[in-house]
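To keep things clear, I will list the structure first and then write my remarks on it.
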Amino acid sequence: MATYESLHRQCRTLEALFDTKLTAYARLASSITRNNGDLEAEGSTERWKDLEIEVDELLEKLQEINDQLSALSSDTENPPSQSMLRAIQRHKEVYLDYARELRRTKGNVKTALDQANLLSGVRNDIDAYKSSAADSLLAERGRIDSSHRMTDDMIAQAYETRAEFGRQRTTISGINARMQGVLSSIPGINNLLSMIKTRRRRDAVIVGCVIGICTVLLLMYMF
C-alpha cells in the first residue's frame, strides 16, 4: 500500500502547514481588531489577502488528498486495514474541522476589517471636518483683519483731513493778521476808507432824492 503511505504523509504535511497558516490568519484578524490605524498604510489588507489565498489553496490540496484516501478506502481489490480506515477517517474529520475553522476565521477577519475601515472612515471625516473648520476660521480671521485695516485707514484719513483743516485755518488766520497789519501800517488808510463809505452813502441819498422828485413830477404831469 505504497500509495496509501504516500497520501498519508502528504496529508499530514498539509495539515501541519494549514494549521500554521490558519493560526497566522487568525492572529491577523485579532491584530486588525486591536489596531485602529490606517489599514492601507500598515499593509494589513495586503497581508490578509495573501494569507487568505494561501489557506484556500492548502485547503483545496487537502481536500484532493482526502478524496484520494476515500477512494482507497473503497477499493475492494486491495481493501485497507482497519488502522488505515481509522487514519483515513481521522484525516477526513480534521479536514472538515479545518474547513469550518477557516469559514469562521474568514468571517472574523471580514468583520474586523469592516470595523477598522469604518473607524478609519470616521477619522478621515473628522479630520476633513477639522480641516474645513480651520480653513473657515482662517478665512473669517482674514476678513476681520481686512476690516480692521480698512477701519484704520479711514481713521488715518480722518485725522489727516482734520490736520489739513487746522493747517488751512492757521493759514487764513495768518493772512487776516497780515492784512490787518498792512492796513494799520498805512497812514490815513482807515480815514480814506471811511470817507469812501460816507461818499457812497451820500451819493445813494442824492440818487434816491432825484428819483423821488422825478417820480412826483411825472405823476403831476400825468394827472
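Reckoned from all heavy atoms, side chains included, excluding hydrogens, waters and symmetry mates.
- Cluster partners of Leu217, by chain and number: Ile213. The rule joins Ile, Leu, Val, Met, Phe, Trp and Tyr whenever side-chain heavy atoms lie under 4.5 Å apart.
- Atom SG of Cys11 is separated from atom NZ of Lys61 by 13.5 Å, given to the nearest 0.5 angstrom.
- Distance check: Ile65 CD1 to Ser6 OG gives 7.5 Å after rounding to the nearest 0.5 Å.
- Residues Val207 make up the rest of the hydrophobic cluster containing Ile211, defined by ILVMFWY side-chain heavy atoms closer than 4.5 Å, directly or through other members.
- The CZ atom of Arg12 sits 14.0 Å away from atom CG of Leu7, with the distance rounded to the nearest 0.5 Å.
- Atom-to-atom distance recorded for Arg27:CZ and Leu22:CG is 11.0 Å, nearest 0.5 angstrom.
- Residues passing the ring pair (Phe, Tyr, Trp, His ring centres under 6.0 Å) test with His8, sequence neighbours excluded: Tyr4, His91.
- Atom CG of Leu14 sits about 9.5 Å away from atom CG of Asn66, to the nearest 0.5 Å.
- Taking 4.0 Å as the cut-off between side-chain N and carboxylate O, Arg167 and Glu164 count as a salt-bridged pair.
- Remark: Arg149 pairs with Asp145, Ser146 by the side-chain contact (heavy atoms from CB on, under 4.5 Å) rule, at least two apart or across chains.
- Annotation: salt bridge (charged side-chain N to carboxylate O under 4.0 Å, His left out) contacts of Arg90 (sequence neighbours excluded): Glu93.
- Listed by chain and number, the residues in a side-chain contact (heavy atoms from CB on, under 4.5 Å) with Arg100 are Leu96, Asp97, Arg103 (sequence neighbours excluded).
- Under the side-chain contact (heavy atoms from CB on, under 4.5 Å) criterion, Glu140 pairs with Arg143, Ile144, sequence neighbours left out.
- Under the rule for a salt bridge (charged side-chain N to carboxylate O under 4.0 Å, His left out), Glu15 has no partner lying at least two apart in sequence or in another chain.
- Residues passing the ring pair (Phe, Tyr, Trp, His ring centres under 6.0 Å) test with Phe18 are Tyr98, sequence neighbours excluded.
- Partners of Asp56 according to the salt bridge (charged side-chain N to carboxylate O under 4.0 Å, His left out) rule, which considers only residues two or more places apart in sequence or in another chain, are Lys106.
- No side-chain heavy atom of Leu62 sits under 4.5 Å from any side-chain heavy atom of Leu58.
- For Lys21, the salt bridge (charged side-chain N to carboxylate O under 4.0 Å, His left out) test picks out Glu54, with sequence neighbours left out.
- By the side-chain contact (heavy atoms from CB on, under 4.5 Å) test, Gln63 is found to be paired with Asp67, Tyr95, residues two or more places apart in sequence or in another chain being considered.
- Interatomic distance, Leu69 CG to Gln10 CD, rounded to the nearest 0.5 Å: 9.0 Å.
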